Amino acid sequence: MTTERYNPKEAESRWQQAWDQGETFKAVRDENKPKAYVLEMFPYPSGRIHMGHVRNYAMGDVIARTKKAQGYAVLHPMGWDAFGMPAENAAMERNVNPRDWTYENIATMRGQLKTMGLAIDWSREFATCDPAYYKHEQAMFLDFIKAGIVDRRESMVNWDPVDNTVLANEQVIDGKGWRSGAVVERKKLTQWFLRITDFAEDLLGALDGLDGWPEKVRIMQQNWIGRSEGARFSFDIVGNSDDQTGNQTSDQKIEVYTTRPDTIFGASFCALSPDHPLTAELAETNRDLKAFVEECRATGTSEEAIQRAEKRGFDTGLKVAHPFDPAWELPVMVANFVLMDYGTGAIFACPAHDQRDLDFARKYDLPVTPVVIPEGESADSFDVGDEAYTGPGVMGNSRFLDGMTTDDARAAVIDKFERDNKGTREVNFRLRDWGVSRQRYWGCPIPVIHCNDCGTVPVPKQDLPVTLPDDVSFDRPGNPLDHHPTWKHTDCPTCGKAAVRETDTFDTFIDSSWYFARFTSPHADEPVNAEDARYWMPVDNYIGGIEHAILHLLYSRFFCRAMEKAGHFHLPEPFKGMFTQGMVNHETYKAADGSWVLPQDVLTAEDGGLSLADGSGVTACGIEKMSKSKKNVVDPTEIIDTYGADAARLFVLSDSPPDRDLEWTDAGIEGAFRYINRLWRLVAAPSHNLADQDGDRPADLSDAATTLLKNLHKTIDGVTGDLNGFRFNRGVARLRELTNGYEAFKEEEDSAGLVRRETLSALIRMIAPMMPHLAEEMWDALYQGAAPSLVSDAPWPAVDPAFLVDDTITMPVQVNGKRRDEVTIAADADEDTIRDAALAAPGVAKQIDGLTIRKTIIVPGRIINIVAN
RNA sequence: GCGGGCGUGAUGGAAUGGUAGACAUAACAGACUUAAAAUCUGUGGGCCGUAUGGCCGUGGGGGUUCAAGUCCCCCCGCCCGCACCA
């Protein structure tokens, strides 16, 4: 034994080696054990790990280690989400090869993660940019084509005319490309799509069964899928054959979708999307309309831009007839707020009951007729002013609907449409098909070949993978695959003639939509080995940031369904349990000139004033998410170097509830480090040699020993629940309470050593998921080097129920709801005894003197309340 | 606009409708020390009181209940997501 201060640096690397050599965390299928698949969202290899990673992986590690101790076969793997734009940006900025850059980053970050001492089966590691991985992704895509899950079609995209690439919505800032600054255009492009909307109903319905997910995430997905019930029907175009107006069109009618068929008699006009085919047709002969459409497209597609855009329209001059009254003509407008890719791209507007329609109608002086009359109003006098009425009511001004409720009217209109063969009931989803083409180099090549004669031909499976060329240059804009001298030129697999490869690559969200399944059989010759998947899937605890609540999780859910449909494996849902962790924040400061200042450079004067070393003033700017630009990042490597991995892990686990944001503080990490040393002293102190304190507990324990053992077993009971329930901060608090109790135990009688030994042994096993290195070191010290196993292989401590119950309990006594005293009484005392004791308590007696007792409430084991007046 | 969450000491945070503030951080006082660090002990919501104790107190207002931080209604503030989806 030693009284030296704990040396995390030396101890941590020693135990990490021991785990490595013993293959302690190798995941092994064992049909005799329950399984636990613990997964944190795998990282993008950006270069270095950050505190968010530390928090994420520390949480997963606690779960993985706890489950292992509790007898589960545990799968806890790690890999790399390695395709993506930053590698190309690095290539452009620093003239490095994206592949080299990526694998160098992976090497660095793997090294950093290993210093955290995570219980990971590293033999399963892979990167999504490994051809051995994306080979299977390509094969699956071919299976998806066969299964009818893939489409190739035109769609509107955000196009950056300088970088010659499609931009995602989030890459469009104020209508400009985030990189080039060029005004983004809306452009039609032929793209590959995965038909996720085919699964919309199921993806929505199955959310109900995901009770291991945060409610928030389920609601977000529900809103994202956005199911709506309504009607699709047509307006006939009036005077279509009359070419005096110059409005002759090839279509005879305009098809619209609405969720409010009940408001059909409040119709004021129809509106087409600027991208509607009919709009395009009319624009050919109408220069003003053409100019209007172009203006709309220039507005950009970012949500913000669209929202700020004022409602604007263009009267086409075309008229349509009301479906229930051929004599009633309505104007056809083109309106910038009508979306082409929702419903039919055309609407009928009822301004009285839709705010957008109302804004538009007021601007262009179109009629506003209320047809839904709220309670207490009359059809003649009800006026909507500038605020549309969207609530329920009774129909008015609506001919055969008059007097019906909105719900009845809705059904009546659809029924009539269906009887008259004019329209149908229809369910629509806000969810769009998933466009997966990206005009980028650093992604998985889409395995198809374009042949002039045969069209689009899949690459034969035996020719997979289609790998990326290494010799690429980024000195001109656009996709390097497209201007590579040889790569895209190949022969058609069908006819043998010269053909070209698809030069688009997959959206990187595809890579992350099935990696969790690949982890179950990372070396298999097929995407996923069915037996392994059956055993390990679904992921029991999936942990990551809320920012992936929609896309990644929805795509992964879709992929499982698509893989099943394509004949891969049966798995309804990929993630049984889901946990979203909070961010890591840190204080920020600005200098007098407005530039950000490193927090460690800020000096605090005695009067609380802030300054830099040169005396210039500094302003505190609040607690913000760690980011390089705000200069408030804390490097995990430095922290681990100084305090050790265990202290870093303990701090990120103990300082805040895991789903809330964590504020990084120097005081906090120092406090964690102090606790680690305090724990170490429990075994390092020479006063108690516990190595040979083995054997049965004596029957007659002292009061102090009983108190300690009660503390211990209640702690085991509580901590077990806390860790499984992601209440890490509460679990740590309990362990500190137990530590306090242990230190307060001063007895020296014979049995004290046994009690100490029992307590410490359990305490060490309970801290092990959070502070694994320290736990191994303490375990080793407790057994003086002769431990029967690593603590990482030791079983979770068992609760002795005998110590969970108390013989006597202390209950507070309230008088009229206010605590006045407490009574200590036998746990099994009957109500009369409890009542008598409560009334006799001095603090109570004083209060009820002279009052009449009206009622006594006794909650067994909890509280006594005496109602008196 | 729609949806969700949060609001508790100086600070992070505890609290199946049942003793509000566990556990920690900062601070203060004391012990040890030549001194400091480390460590240990104590104080630690506000007000009144030497004290036993009393009153008030979980963003504000109302309600349900023997009992409300917790449940219900209204309001205020902050945070997050979605956002012209007809």
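Since the structure is predicted, the reported quantities are computational estimates derived from the model, not experimental observations. Throughout, protein chains are lettered first and strands after them, A, B, ... in sequence-line order, and every chain is numbered starting at 1.
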**Q** Nearest whole angstrom, please: distance from the C1' of B/U25 to the CZ of A/Phe673.
**A**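 Spelled out: CZ on A/Phe673 to C1' on B/U25 is 17 Å.
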**Q** Salt bridge check, A/Arg819 against A/Glu822: does any charged N sit closer than 4.0 Å to a carboxylate O?
**A**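 A salt bridge is present here (some side-chain N lies under 4.0 Å from a carboxylate O).
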**Q** From the options B/C56, B/U19, B/A14, select the nucleotide whose nearest atom is closest to the side chain of A/Asn729.
**A**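 Of the options given, the side chain of A/Asn729 lies nearest B/A14.
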**Q** What is the pairing partner of B/G7, taking Watson-Crick or G-U wobble pairs with both distances under 3.5 Å in any strand?
**A**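 Because both required distances fall under 3.5 Å, B/G7 counts as paired with B/C76.
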**Q** Taking only the C1' atom of each, what is the distance from B/U16 to B/G69 in whole angstrom?
**A**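 It works out to 15 Å between them.
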**Q** Quick check for you: among B/A86, B/C84, B/A24, whose closest atom lies nearest to any side-chain atom of A/Arg678?
**A**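 For the A/Arg678 side chain, the nearest candidate turns out to be B/A24.
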**Q** With rounding to the closest Å, how many angstrom separate the C1' atoms on B/A27 and B/A10?
**A**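 It works out to 8 Å between them.
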**Q** Check the distance between B/A83's C1' and A/Ile550's CD1 and give it to me in whole angstrom.
**A**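 One finds 11 Å between C1' of B/A83 and CD1 of A/Ile550, rounded.
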**Q** Taking atom NZ as the centre, does A/Lys714 end up with more than 12 heavy-atom neighbours from other residues, nucleotides or ligands that are less than 6.0 angstrom away?
**A**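 Counting other residues, nucleotides and ligands, NZ of A/Lys714 exceeds 12 neighbours.
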**Q** When you compare B/C79 with B/U43, how far apart are their C1' atoms, in angstrom units rounded to a whole number?
**A**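 Roughly 36 Å separates the two C1' atoms.
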**Q** If you look at every strand shown and take non-hydrogen atoms under 4.0 Å, does A/Arg854 touch a base, only sugar-phosphate, or nothing?
**A**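 No contact.
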**Q** Is it true that A/Glu737 and A/Arg734 make a salt bridge, defined as a side-chain N closer than 4.0 Å to a carboxylate O?
**A**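 Not counted as a salt bridge, because no side-chain N and carboxylate O are separated by less than 4.0 Å.
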**Q** What are the residues of residues 265-276 of chain A, sorted by number, that bring a heavy atom to within less than 4.0 Å of RNA chain B?
**A**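 Hits under 4.0 Å, by residue number: none.
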**Q** Between B/A24 and A/Ser654, is there an OP1 or OP2 to side-chain N/O distance shorter than 4.0 Å?
**A**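 Answer is no, no contact under 4.0 Å.
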**Q** Can you tell me, in whole Å, how much space there is between the P of B/G3 and that of B/G9?
**A**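 B/G3 and B/G9 have their P atoms separated by 30 Å.
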**Q** Counting heavy atoms from C-beta on, name the nucleotide in B/A20, B/U39, B/G12 closest to the side chain of A/Gln814.
**A**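 The answer is B/A20.
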**Q** Looking at A/Pro323 and A/Ser234, what are the two nearest heavy atoms and their distance?
**A**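 The answer is CB-O, 4.3 Å.
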**Q** Would you mind telling me which of B/C23, B/C40, B/G81 lies closest to the side-chain atoms of A/Arg681?
**A**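 Between B/C23, B/C40, B/G81, the one nearest the side chain of A/Arg681 would be B/C40.
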**Q** Is A/Asn740 touching bases, backbone alone, or none of the nucleic acid, heavy atoms closer than 4.0 Å?
**A**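 Result for A/Asn740 = sugar-phosphate.
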**Q** Do side-chain atoms of A/Asp357 reach the backbone of A/Pro351 as a donor and acceptor pair under 3.5 angstrom?
**A**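 No.
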**Q** Could you tell me how far apart A/Ile825 (CD1) and B/U19 (P) are, to the nearest whole angstrom?
**A**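 So the two atoms are 18 Å apart, to the nearest Å.
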**Q** Does any nucleotide pair with B/C28 by Watson-Crick or G-U wobble geometry, both distances under 3.5 Å, and what is it?
**A**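 The base-pairing partner of B/C28, which may sit in any strand shown, is B/G42.
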**Q** Measure from the side chain of A/Arg430, starting at C-beta and using heavy atoms only, and say which of B/G12, B/A83, B/C40 lies closest.
**A**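 Out of B/G12, B/A83, B/C40, the nucleotide with an atom closest to A/Arg430's side chain is B/A83.
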**Q** Given B/A38, is OP1 or OP2 found less than 4.0 Å from the side-chain N or O atoms of A/Asn677?
**A**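 For B/A38, neither OP1 nor OP2 has a side-chain N or O of A/Asn677 closer than 4.0 Å.
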**Q** Which residue lies toward the 5' end of RNA chain B, A/Gly671 or A/Lys846, if each is placed at its nearest nucleotide?
**A**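 Checking each residue's closest nucleotide, the 5'-ward one belongs to A/Gly671.
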**Q** Reckon A/Lys216 has a side-chain N or O less than 4.0 Å from the OP1 or OP2 of B/C82?
**A**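 Result: no.
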**Q** State the syn/anti category of B/G9 according to its glycosidic angle, syn meaning within 90° of 0.
**A**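 Syn, since the glycosidic angle lies within 90° of 0.
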**Q** In whole Å, I'd like the distance from the OH atom of A/Tyr675 to the P atom of B/A24.
**A**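 Going from A/Tyr675 (OH) to B/A24 (P), I get 9 Å.
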**Q** Rounding to the closest angstrom, what is the interatomic distance between B/C82 and B/C55 at atom C1'?
**A**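 Each nucleotide's C1' atom is 48 Å from the other's.
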**Q** Touch check for A/Val813, heavy atoms < 4.0 angstrom, all strands: base, sugar-phosphate only, or nothing?
**A**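 Counting heavy atoms under 4.0 Å across all strands, no contact is made by A/Val813.
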**Q** Quick one: sort the A/His548 and A/Phe509 rings into parallel, tilted or perpendicular, breaks at 30° and 60°.
**A**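 Perpendicular.
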**Q** Using Watson-Crick or G-U wobble geometry with both distances below 3.5 Å, tell me the partner of B/U70, or none.
**A**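 Looking at the geometry, B/U70 pairs with no nucleotide.
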**Q** Can you list, in residue-number order, the parts of residues 857-869 of chain A that come under 4.0 Å of RNA chain B, counting heavy atoms only?
**A**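 Hits under 4.0 Å, by residue number: A/Ile857, A/Val859, A/Arg862, A/Ile863, A/Asn865, A/Val867.
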**Q** Tell me whether A/Thr580 contacts the main-chain N or O of A/Gly545 through its side chain, where contact means a donor paired with an acceptor under 3.5 Å.
**A**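 A pair under 3.5 Å: no.
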**Q** Closest approach to the side chain of A/Arg736, judged atom by atom: which nucleotide of B/U25, B/A86, B/A22 is it?
**A**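 Side chain of A/Arg736 sits closest to B/U25.
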**Q** Roughly how far apart, to the nearest Å, are B/A24 and B/A14 at atom C1'?
**A**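 Rounded to whole Å, the distance is 11 Å.
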**Q** Nearest heavy-atom pair of A/Gln355 and A/Asp386: which atoms, and what distance?
**A**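 Smallest heavy-atom distance, with atoms named: NE2-O, 3.2 Å.
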**Q** Starting at CG of A/Leu738 and ending at P of B/A22, how long is that distance when rounded to a whole Å?
**A**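 Whole-Å distance recorded here is 18 Å.
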**Q** When you measure from the side chain of A/His353 to the backbone of A/Val372, do you find a donor-acceptor pair of N or O atoms at a distance under 3.5 Å?
**A**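 Yes, the answer is positive, given that a donor and an acceptor are paired below the 3.5 Å cut-off.
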**Q** Can you identify which nucleotide, out of B/A86, B/G12, B/A15, has its nearest atom closest to the A/Arg730 side chain?
**A**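 The listed nucleotide nearest to A/Arg730's side chain is B/A15.
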**Q** Considering just the side-chain nitrogens and oxygens of A/Arg820, establish if one lies under 4.0 Å of OP1 or OP2 belonging to B/C55.
**A**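 Checking B/C55 against A/Arg820, a side-chain N or O does come within under 4.0 Å of OP1 or OP2.
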**Q** What is the pairing partner of B/G12, taking Watson-Crick or G-U wobble pairs with both distances under 3.5 Å in any strand?
**A**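 Across any shown strand, B/G12 pairs with B/C23.
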**Q** Nearest heavy atom decides the nucleotide; on that basis, is A/Ala733 or A/Arg819 closer to the 5' end of RNA chain B?
**A**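 The 5'-side residue here is A/Arg819.
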**Q** Let me know the distance between CG of A/Leu358 and C1' of B/A86, rounded to the nearest Å.
**A**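 The answer, rounded to whole Å, is 14 Å.
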**Q** I need the residues from residues 660-668 of chain A with at least one non-hydrogen atom less than 4.0 Å from RNA chain B; give them sorted by number, or say none.
**A**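 A/Arg660, A/Ala667 - these, ordered by number, are the residues of the stretch whose heavy atoms sit under 4.0 Å from the strand.
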**Q** May I ask you to check whether A/Tyr675 and A/Phe673 place their ring centres under 6.0 Å from each other?
**A**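 No, too far apart.
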**Q** Determine which nucleotide pairs with B/A83, using a 3.5 Å limit on both distances of a Watson-Crick or G-U wobble pair.
**A**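 Pair assignment: B/A83 / none.
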**Q** Could you tell me whether A/Glu229 and A/Arg227 make a salt bridge, using a distance below 4.0 angstrom between a side-chain N and a carboxylate O?
**A**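 A salt bridge links A/Glu229 with A/Arg227.
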**Q** Using the P atom as the point on both nucleotides, what is the distance between B/A15 and B/U8, in whole Å?
**A**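 That atom pair is separated by 15 Å.
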**Q** Rounding to a whole Å, what distance do you find between A/Arg734:CZ and B/C23:C1'?
**A**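 Rounded to whole Å, this separation is 11 Å.
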**Q** So among A/Leu712, A/Leu763, A/Thr759, which one has a side-chain contact (heavy atoms from CB on, under 4.5 Å) with A/Tyr742?
**A**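 In the set A/Leu712, A/Leu763, A/Thr759, the residue that makes a side-chain contact (heavy atoms from CB on, under 4.5 Å) with A/Tyr742 is A/Thr759.
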**Q** Nearest whole angstrom, please: distance from the P of B/G81 to the CD of A/Gln222.
**A**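 In whole Å, B/G81 P and A/Gln222 CD are 19 Å from each other.
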